[in-house]
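Order of listing sets the numbers, starting from 1, for every ligand and every atom in it. Just so it is clear, the values below take in all heavy atoms, side chains as well, and ignore hydrogens, waters and symmetry mates.
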Amino acid sequence: MEGIFGNHWLFAASVAELPEPGDYVTVDYGPHSLILVRDDNGGVNALHNVCRHRGARVLTEQSGTTGNLVCGYHSWTYAPDGTLIHAASAPGEKFDKDCFALKRAHSRVVAGLVFICLATEPPEDFDAIIPTIEPYLLPHELNKTKVAYQQDILEEGNWKLVMENNRECYHCDGHPELACSLFPTWGLSDGLIPPHLEEVWDRNQTAEQELQDRCDRYGLPYRVIEELNTRIAGFRISRESLDGHGESFSESGRRLSKKLLGDLPDFRLGRCSLHLQPNSWFHMLSDHVITFAAFPINERQTLVRTTWLVADDAVEGVDYDLDTLTHTWKQTNLQDANFVALCQKGASSPAYEQGPYMKSEYQVEMFIDWYRQRMQEHLA
Ligand code: FES
Ligand SMILES: [Fe+2]
């Protein structure tokens, strides 16, 4: 928790989860609880959810709207920027309210994604990747989206197993719904295609070429940029094709919401996917966006929060059906949660010994390599 979650920029929420001034969400990373609250200027304050009197949690709901923040224990009252504005029966001039503001964490909004950093001095490397990733993300205009649905799964596994599971598709035979639209050849390349996936691979290659032609026409970036273990702000970003109609995560690959995001010119834009170390991944499609965040609870449990965003003017029941919109990834997440739990159980046995990574699991290896480097640095 100190070496990784205490030292890096962490994904917390998207701006759609706190659209108006006063809107807040609370997020926990292990023992840390943070309040993210939208201020009057549209910025997001990140405050430690720990009262400066005797330490009570200040906000206890996962989300809501608040004016001032009032601790439920002895009613110390804080402004949305954390300043202590009222403490009843305070001992006169000896008590300096300015010394008892809620502690702040660093926060940043990147293309509508809210990140926090618990370190005193956040790593500067995060700034360096923003100009690279923003051109991929900005066309989806997350500031003009709304939350269609949010799913929390308490996974029975260490957060590293959650991340490792996300970083490979070697297990994608276990995702029948997802495999309709997400090519299960993901992570493979020419010469590594097993016989049962050869036909899919050919289809994938054709779809990739078509997508790239379309992106060139619209001026959308698609090239894979992979720096998962070569920098502190490890990331991978790309725009990749989807199977079938190539529009969305449905059985046929057709759109799941009738409203295009932002000013996107076409539904057939595949998925713009971002993987970020240490705790998040994202799929941005023409019709919706899905954000994924892993919040460690303890060494054996992780909260995985999945949020579906649609255009803010999309109407449920008219432009999208909520069950259809969320079906593929709800099922996929449950399947993944099961894989993680199985792995946690098995890997906890004294008999466990690491097996080899397959070629298509190279991103798992990159995650482990990134983790090892960061921990060595931290311990040094
Ligand atoms: S602990 Fe918050 S007011 Fe006392
Ligand atoms: Fe999976």
Numbered atoms and elements of ligand 1 in range of Tyr73, under 4.0 angstrom, heavy atoms: 1 (S), 4 (Fe)
Nearest protein heavy atom with distance in Å, relative to atom 1 (S) of ligand 1: Arg54 N, 3.3 Å
Any donor-acceptor N/O pair, His140 side chain to Leu285 backbone, under 3.5 Å: yes
Parallel, tilted or perpendicular, as decided by the 30° and 60° cut-offs, for the rings of Phe5 and Trp159: perpendicular
Close-contact set for ligand 1 against Ala56 heavy atoms, below 4.0 Å: 1 (S)
Heteroatom N/O/S of Cys169 within less than 2.8 Å of the Fe ion (ligand 2): no
The Fe ion (ligand 2) contact by His175, N, O or S atom under 2.8 Å: yes
His53: its N/O/S atom lying closest to atom 4 (Fe) of ligand 1 (atom name): ND1
Where ligand 1 meets Trp76 - atom numbers and elements under 4.0 angstrom, heavy-atom basis: 3 (S)
From Glu199 atom CD to Asn204 atom CG, the distance as rounded to the nearest 0.5 Å: 12.5 Å
salt_bridge(Glu164, Arg167) N-O dist < 4.0 Å: no
Within 45° cone and under 6.0 Å: Arg255 NZ/CZ vs Phe267 ring: yes
Distance-only side-chain donor-acceptor flag, Ser252 / His245, under 3.5 Å: no
Residue Asp336 atom name (nearest to the Fe ion (ligand 2); N/O/S): OD1
Tyr78 six-ring centre to Lys97 NZ/CZ under 6.0 Å and within 45° of normal: no
Atoms of ligand 1 close to Cys71 [distance to a heavy atom under 4.0 angstrom, numbered from 1]: 1 (S), 2 (Fe), 3 (S)
For atom 4 (Fe) of ligand 1, the closest N/O/S atom belonging to His74: ND1
